[in-house]
Each structure stands twice: as structure tokens, then as C-alpha cells.
There are 2 protein chains.
Amino acid sequence: MNKINRKLEYALIGLKHMRAKAPGELTSVKELASAYGVPFDAASRVMQVLAQKGVLISEQGAHGGYMIGRDLARLSYAELSEILLGKVAIARCIGDSADEGACEMRGSCNIVTPVQMLNRKINEFYRGLSVAELLGVPSSKKKREPEMPQQNFEAEAEA
Amino acid sequence: MNKINRKLEYALIGLKHMRAKAPGELTSVKELASAYGVPFDAASRVMQVLAQKGVLISEQGAHGGYMIGRDLARLSYAELSEILLGKVAIARCIGDSADEGACEMRGSCNIVTPVQMLNRKINEFYRGLSVAELLGVPSSKKKREPEMPQQNFEAEAEA
DNA sequence: GTTAAATACGATCTTTTTTGTCGTATTTGA
DNA sequence: TCAAATACGACAAAAAAGATCGTATTTAAC
Ligand code: FES
Ligand code: FES
């Protein structure tokens, strides 16, 4: 999907929070819950999934918690979104059947090409946008310019 | 919202269908239903809304139907989406309270700026993309290059 | 070792959103 | 007058999203 729902929101909140900490310092879900009012259980599951995928590193036990496990400058927003919500898809008829595959509708749909094209545009944009950029680079670090890809919309549409 | 749901899908299907017809020629919802398998009632309501907004022109009575009422090259995808789904918003916390206004979450949310920024980017892209372009320009007509706006993401983020 | 605090994870329930359907009125050409 | 179409409001069904519960496991501190 394409939208920032709760899962993605909790993920971004958590990542932004953890990014501000010293390397190695852990953040518990309880901490997130009390600081931002996010529901404990729901946020907890999000962190678990992120930890499974290596975005976070989890430390169990008494003083456990999570810390950032990957360079956020190398984690695209597309990737993060896919981890939590599945393939970025602007319409339900896209995405499930293999990568950028076929549409489902009964048989005759006259807007398959346009929809796929729009979906590809959004995808490319999300793929070129790192989570670090999205959250705002904290100190220095090189700045990029995440933008929609520059090809001609029409030309691509007939490919 | 941000996604191509049924309403938007029916709208695009209808518009693409009507665009292929001679000027003044009408299209009934029944015709759309049988040609594309879209549910009559749902599609009908979509066309009614589009007619209210001037995107379509409706002709009542026995041989009535709809025809395109506005130059699709001057109708942005953003506008179409807003007519049917309300303000383009990548997250629920954006859009309802006035234009690009405040977020709702309890009080403390640390990702308001990033989310608003991402939302603005998507908005600008949708606003620069005409429905004519999206559906694929049929004959000739000047071609544009709808792309995400070119400003620096970071620079804007601090504005 | 026992306890407390934290993650891990499955299952379920509730709420919200989306989608479709029904009923009825109105228009208009034949 | 009838048939075919749009016009709309209200409701129902289905799907998705979100939150919660229950229980197990890990680990530091006492
Ligand atoms: S069914 Fe995929 S665009 Fe219509
Ligand atoms: S509440 Fe709007 S971004 Fe968090």
C-alpha cells in the first residue's frame, strides 16, 4: 500500500526517536509509548518486525530495548514501507501477483497501463527517498535531492 | 486520500471511455457497466458527482447519459482525486483541518514535519499531472513532463 | 534462585473504512 | 402514457485497520 498508516507512523516515530540517541543506547517500547502516546502492543509488534528485518536490533531481558540496526541513509522509504505494508501499490489491482504484474479486474479494464505507470512513478520516488532524508538529517551528512524520476511520462507509457 | 480505490477507478474508466467518443456523444452508465463489468449503482454515483463538479455533463431522460464537460488536459489528477476522495493526504492526520494544517495526535508527535513534507511532494506531483496525460494522450496534443517538483527536499523541510 | 522488566508472538476482538445495494423520485424522448 | 435514463438518500454487507489479550521467553538485579 501507499499510505502512512499506524504501523508506518509508529515505525517512523520510533526510528526518529532512536536516531537521536547515542550509538548503542537502547529504547524500550514503554519509553515510546509514554513519550508519544502510541499504543504499547501495536508499537511493540512494529518494532519486532523491524528487528526481524534488521532495521532495528533488539536486546531482550531486563534492560532490553531496540536500537537502530541499519544506516538509515541506505534504507529507502520504499523498503521500510514494504516491510510493514507490503509492496507499494497505488491500486489494489497491482502488486500481489509478482512484481508489477497483471491486474485482476474481470478481463476488460481500459486503464491498466495508466495505473501501472502512476504506480511505477510513485515507486521510483519512494525508492529514491531514504528514511534518513525523510526524517531530516540530524547533523551534517551529505544531502541528496530525492525527486520523482525524470523520464517523460508519455514516452514511458507506451513502452 | 492517496490511493486509487473503486470510485477513482470507475471515474478513470468512464473518462477514458468517453474521451474516445465524438464530441456530443453520450455514454450511459449501463454502457459502462456492460463494457467493463463495473457495478451500475456505484459507477452511477461516481458519474453524478463528477457531473455536479462539471467534469462531466449529464443529459437526463430517455436517451440520456454523460459526456466530458471539461478539458481533461486542464483537469489535474489531484483535482479529480479530491472530488471523489477528498484532499490528497498521505496520512490521516493531514488534510481535514484546513489546508495542510495541523496534526491530531495527542500532542507530541515527532514526525509532523517529515509527514507534511512527503504529503506536499505527492500533492505537487498529482497537481502537475493532468488526467489527459494520465490516460494517455489519444491523438496529438502537446506533451508535458509531469514530474515531482524539483526543490531540494531538505531545504524545504526546514522552511 | 527468584523476581521484575523487557521482548516475542499468536489469536481474537473491535472499530473504521470501503463497497455495494435498494427504494424512490425525476426527467425526457418516443 | 410508457420506457429508459439520471438523481439521491438510506441502508447493508464486506473488507481492512487497529487495538487488546494471553502466554512464553529472555536477562539483569537482588
Ligand atoms: S483492474 Fe487494474 S487498473 Fe483496472
Ligand atoms: S500525528 Fe500527524 S504525523 Fe504524527
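Quick note on labels: first sequence line is chain A, next is B, and so on, each numbered from 1. All values derive from a computational prediction rather than experimental measurement.
- Of the residues in residues 20-29 of chain B, none lies under 4.0 Å from DNA chain C by heavy-atom distance.
- Where A:Gly61 and A:Phe40 each meet DNA chain D at their nearest nucleotide, the meeting point lying more 5' is that of A:Phe40.
- With distances taken from any side-chain atom of A:Pro39 to the nucleotides D:dC8, D:dA19, C:dG20, the minimum falls on D:dA19.
- Across all strands, B:Lys30 comes closer than 4.0 Å only to sugar-phosphate atoms, never to a base (heavy-atom distances).
- Sorted by first then second residue, the ring pair (Phe, Tyr, Trp, His ring centres under 6.0 Å) pairs that include residues 56-78 of chain B, not counting sequence neighbours, are B:Tyr77-B:Tyr126.
- Looking at B:Asn2, its side chain never comes within 3.5 Å of a backbone N or O of B:Ala89 through a donor-acceptor pair.
- If you check every strand for non-hydrogen atoms under 4.0 Å, B:Asn5 touches sugar and phosphate atoms only.
- Of all nucleotides listed (D:dA19, C:dT21, C:dA8), C:dA8 comes nearest to the side chain of A:Ser58.
- Rounded to whole Å, atom P of C:dT27 lies 7 Å from atom CD of B:Gln60.
- Closest approach to the A:His63 side chain among D:dA28, C:dG20, D:dA3 is made by D:dA28 (side chain taken as heavy atoms from C-beta onward).
- Mapping A:Ala62 and B:Arg45 onto DNA chain D by nearest heavy atom places B:Arg45 closer to the 5' end of the strand.
- A donor-acceptor contact closer than 3.5 angstrom links the side chains of B:Glu133 and B:Ser130.
- Nearest nucleotide to the side chain of B:Tyr66, out of D:dT26, D:dT6, C:dG20: D:dT6.
- Of the listed nucleotides (C:dT21, C:dA8, D:dA7), C:dA8 has the atom at the smallest distance from the side chain of A:Gln48.
- Looking at A:Arg127, A:Lys53, A:Lys7 one by one, the single match for salt bridge (charged side-chain N to carboxylate O under 4.0 Å, His left out) with A:Glu82 turns out to be A:Arg127.
- Using a 4.0 Å heavy-atom criterion, one finds that B:Glu31 contacts no nucleic acid atom at all.
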Fill in: Worked verdict on A:Glu79 versus A:Arg74 for salt bridge (charged side-chain N to carboxylate O under 4.0 Å, His left out)
CA-CA 10 Å; A:Glu79 211 178 332; A:Arg74 291 191 206 290; over 6 Å; no
